[in-house]
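The structure appears below as structure tokens.
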Amino acid sequence: MRTVTRPNRAAIWNRFVASDPGLLRLMAGLRTVGAIALTLAVLGMRGAGPSLMVSGAMTAMVATFSIKEKHRGQQAVTLALGLPVAVAAMSLGAVLSTHTLAGDVCFIALIFVAVYCRRYGDRGTALGLIAFQIYFLSLFGGAGYSTLAELCAALVVAFACSAVVRFGVVAESTERVLKRLRKAFRARVAQLVSVQIDLLDADRDDVEKALDDVRVHTARLHESAMMIQDRLDDGTSDSASASLLQRRVAEAEIAAERLGILILTARSAEQADTLALHLPHAPLPEPGDRLQQRDDTIATLHRDLEALRVLVAGPVTGEHGTGVAQLRNRLLGYREEENLPNAPAAVQDVFRGIGEAARAALGLRLALDGPQDESDDSPETKRSREELDAEDASIAAEEKHDDPRPTGLDRPTTRAAVQVSVGSSLAIVGGELLSPQRWYWAVLTCWVVFLNTSSTGEILVKGYRRLLGTVLGVIAGVILAGVVGNHTWTAFALVLLFIFAMYFTAPVSYVLMSFFVTAMLGLLYTVLNTYSPAVLVLRIEETALGAVCGMVAAVVVLPVQTDRRTDELLAAVLVRLGDVTGAAVEQLSGGIALDLLDRARDLDTALDNLRGSTKPLTHPITPWRARRQTARYIVALLETCAYHARSLAATAELLPYSKSVAADPRLKLAGRRLSHNIDALVARVTRDTGDGVAETGASLAAMLEPQTPDSPRHDRVTGRVLRHLQRLDEGVIGLARPLGVRISTPAKKEPARSAAR
């Protein structure tokens, strides 16, 4: 029984770790719930009443979730500064509780300052959030001058309990978080290999579903890689270690993603388009019989893909260490041509892909776990280790360059502060008309819909989701209030459960988070003996009013149109794409070594920003279906181009120390047309000029075909580079059409050989 249960538990835990990279959501929920529970316990022992306990619990929640800094020392300073800010906000709210006009004006001023302070980074954001939420708490709890001393004492208790939980009970460090992110990344690589095996086995009717699973897990793997990159500088001891880990993570991601494309190609009658991996419902290649005719090849592929999955996620020490070493030796052997099985070229490419993925897994192991036992190494494994060691020795810190920042009203924080202030003013007026006692819910909604948004479209979508979650939460609140009744501690227990669910689901679904917030508020009203169905209905009305006020402010006051914001981010992605591609081609053609790692990381960051900004355009409720399809197509093409650019960068990084990769000066010729076309797209998007023309013609591989029998032929590695360049060229031309860039095709050209894909 034990031998069955333990693997099952490990598999379940691995799935959970992969679903919550670094356990960031779990730890945030536990930290917040722990701070609230400790605050309630301390206040309960002091004999505090329900109203004071609610104030203390909400303060503990705010003091915990608002601090986002990565280093514990910075967190301690922000928490210490947050206490006087909270006391000042509570005192202000209590003193002005009987002065309606002065209180409203002060609230608007506080909102402006709280949003404007975001320009000062995580600390400014945290202190502004604490000030706003505590002032809101004074309105929610009906703070008055007579109860101010007790409320301030509760604030002190709440901040102290938050510190105890943060730095003692649920202590975190950047190194520990990064370590868990590494494990999550490894788990997600293993999951991706598992669904790639399913793709290999899928019947014709199940290919689309299997490919959807590959897309989902590929996106999750990329999400984990980006989260690791975000923590590298703070979670590693030096810049060299950060660069090393960044390189190993990028190599593993590229190798795993490429393996999916190779498997799809192997089971097809033609070369699979990389776009199929990034665009749902993209045309699939016609099924072929490359594998069906070779049952022994299918069995070998199964065995080696399973071995790769074990190599990524399995142990490297203990009783299984020797077995894993043998698996690694076999898979790394596929990097040598003589070890490939007798099979069609596309199937051999899959085995090569397995070999490259095994090399990436070895590099990841060395970067994460340090040196290992080399006694069982085969010659192929020794060669791979030598390559990795040479790469490690060559890593040096690169100089960082800051981009110019906007000023004045062009600064996002200044614009948002003005917009939120105007929207909140409208919400106060409208909220007072709906309910002189609970108008502040409209202000809260107006505030929330502006958080982490940068365009009018994002605000509209967020307001809609907030309202939907609130309606569902009101229904749940009515049911729970009837079940709980006067059982105060039962209500507090459910409140803690909902708070945990709120923070655990917040990054996944804003609707779910709003649902749990509203259901929790229904329970708090029960504790305060102010519950009634009418109160929760009023909550819906105030939420709708606040969302509308926020939308109006976003549309009327210093608006940032979704199209304008998307164009800015699209131009940034294209510029980064040109930087990565140009630098990689320069290095692959024999030029100087460039900071490819940082450039590739900047490209991924820019693409993630664009993907987020297009969500309003691709949302199911958008009435412009043609624009939705165009936005999805453009993002999918950019994701495809980014994959090929990262692959070029990874190959270029191998150049100085690999025996199998050599510079080819002719590659610079292939990169010129690509660079020109990207520049034409950037000029069109930024509207610098409207007459840019994208050039097309012979395939890039054909451009480098030998002109005479004595001309050198490109080797397999150069051929792979050319395939990536060719796909990049096709992707850029594909972008030219929806972006309105004219395409120039020479009238006369020699017949071009089709590039190997």
Side-chain angles (χ1 to χ4, degrees), residues 13 16-17 19-44 53-83 85-86 121-123 125-130 132-134 137 154-184 227 230-231 234-235 451-452 492-510 512-513 516-517 519-520 523-524:
W13 177 249
F16 182 79
V17 168
S19 67
D20 181 17
L23 303 181
L24 297 180
R25 289 184 287 142
L26 175 65
M27 300 306 290
L30 291 177
R31 191 161 49 244
T32 305
V33 169
I36 295 172
L38 183 58
T39 301
L40 290 175
V42 173
L43 292 176
M53 294 178 70
V54 168
S55 297
M58 293 184 70
T59 300
M61 180 176 69
V62 173
T64 304
F65 81 76
S66 61
I67 298 177
K68 303 295 185 183
E69 289 159 310
K70 298 181 178 68
H71 290 291
R72 299 178 69 182
Q74 295 173 344
Q75 295 172 7
V77 172
T78 304
L79 192 62
L81 293 174
L83 179 56
V85 170
D122 290 337
R123 180 165 296 161
T125 302
L127 295 179
L129 187 57
I130 289 172
F132 172 84
Q133 293 286 359
I134 298 302
L137 177 59
L155 295 184
V156 174
V157 170
F159 270 80
C161 291
S162 177
V164 169
V165 172
R166 177 181 292 276
F167 302 117
V169 180
V170 191
E172 283 285 81
S173 65
T174 52
E175 294 81 5
R176 190 178 302 172
V177 171
L178 184 58
K179 183 178 180 180
R180 290 201 299 263
L181 283 171
R182 297 167 182 171
K183 292 181 179 179
M227 294 175 74
D230 186 53
R231 298 272 177 168
D234 297 313
L451 290 177
N452 301 320
F492 274 128
L494 287 174
V495 165
L496 292 177
L497 177 62
F498 286 165
I499 289 175
F500 175 81
M502 178 176 66
Y503 285 100
F504 192 78
T505 59
V508 179
S509 171
Y510 190 69
L512 279 177
M513 189 202 76
F516 286 118
V517 168
M520 175 197 69
L523 291 170
L524 289 181

Full working for side chain to side chain contact (heavy atoms under 4.5 Å, CB included) between K70 and V177: CA-CA 9 Å; K70 298 181 178 68; V177 171; over 6 Å; no

Steps toward side chain to side chain contact (heavy atoms under 4.5 Å, CB included) verdict (L81, R123): CA-CA 9 Å; L81 293 174; R123 180 165 296 161; 4.1 Å; yes

T32/T64 under side-chain hydrogen bond (donor to acceptor under 3.5 Å, both in side chains): CA gap, chis, key distance, verdict: CA-CA 6 Å; T32 305; T64 304; 5.2 Å; no

Candidate pair I499 and M61, rule side chain to side chain contact (heavy atoms under 4.5 Å, CB included), full reasoning: CA-CA 9 Å; I499 289 175; M61 180 176 69; 4.1 Å; yes

Criterion side chain to side chain contact (heavy atoms under 4.5 Å, CB included) on F504 and L30, from CA distance to verdict: CA-CA 9 Å; F504 192 78; L30 291 177; over 6 Å; no

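No donor-acceptor pair closer than 3.5 Å links the side chain of R72 to the backbone N or O of A171.
Annotation for A63 and L79: closest pair O-CD1, 3.7 Å, computed over non-hydrogen atoms. Here the shortest heavy-atom pairing between A60 and A35 reads CB-O, 3.9 Å. Closest heavy-atom contact between I67 and T78: CG1-CG2, 4.1 Å. Closest approach of Q74 to E69, counting heavy atoms only: O-OE1, 3.1 Å. In this structure, L129 and S66 approach most closely via the heavy-atom pair CD2-CB, 3.6 Å. Of all heavy-atom pairs spanning G56 and L43, the tightest one is CA-CD1, 3.9 Å.
Distance CG/L137 to CD1/I130: 12.5 Å, rounded to 0.5 Å. The distance from atom CG of L23 to atom NZ of K183, rounded to the nearest 0.5 Å, is 9.0 Å. Taken to the nearest 0.5 Å, the CZ atom of R180 stands 10.5 Å off from the CE atom of M227. A distance of 15.0 Å separates CZ of F500 from CE of M520, quoted to the nearest 0.5 Å. With rounding to the nearest 0.5 Å, the separation of CZ in F65 from CE in M502 is 7.0 Å.
No option in L40, T59, T39, I36 other than T39 meets the side-chain contact (heavy atoms from CB on, under 4.5 Å) test with C161.
No side-chain heavy atom of Y503 sits less than 4.5 Å from a side-chain heavy atom of R31. Using a 4.5 Å heavy-atom threshold, the side chains of V33 and F498 count as separate.
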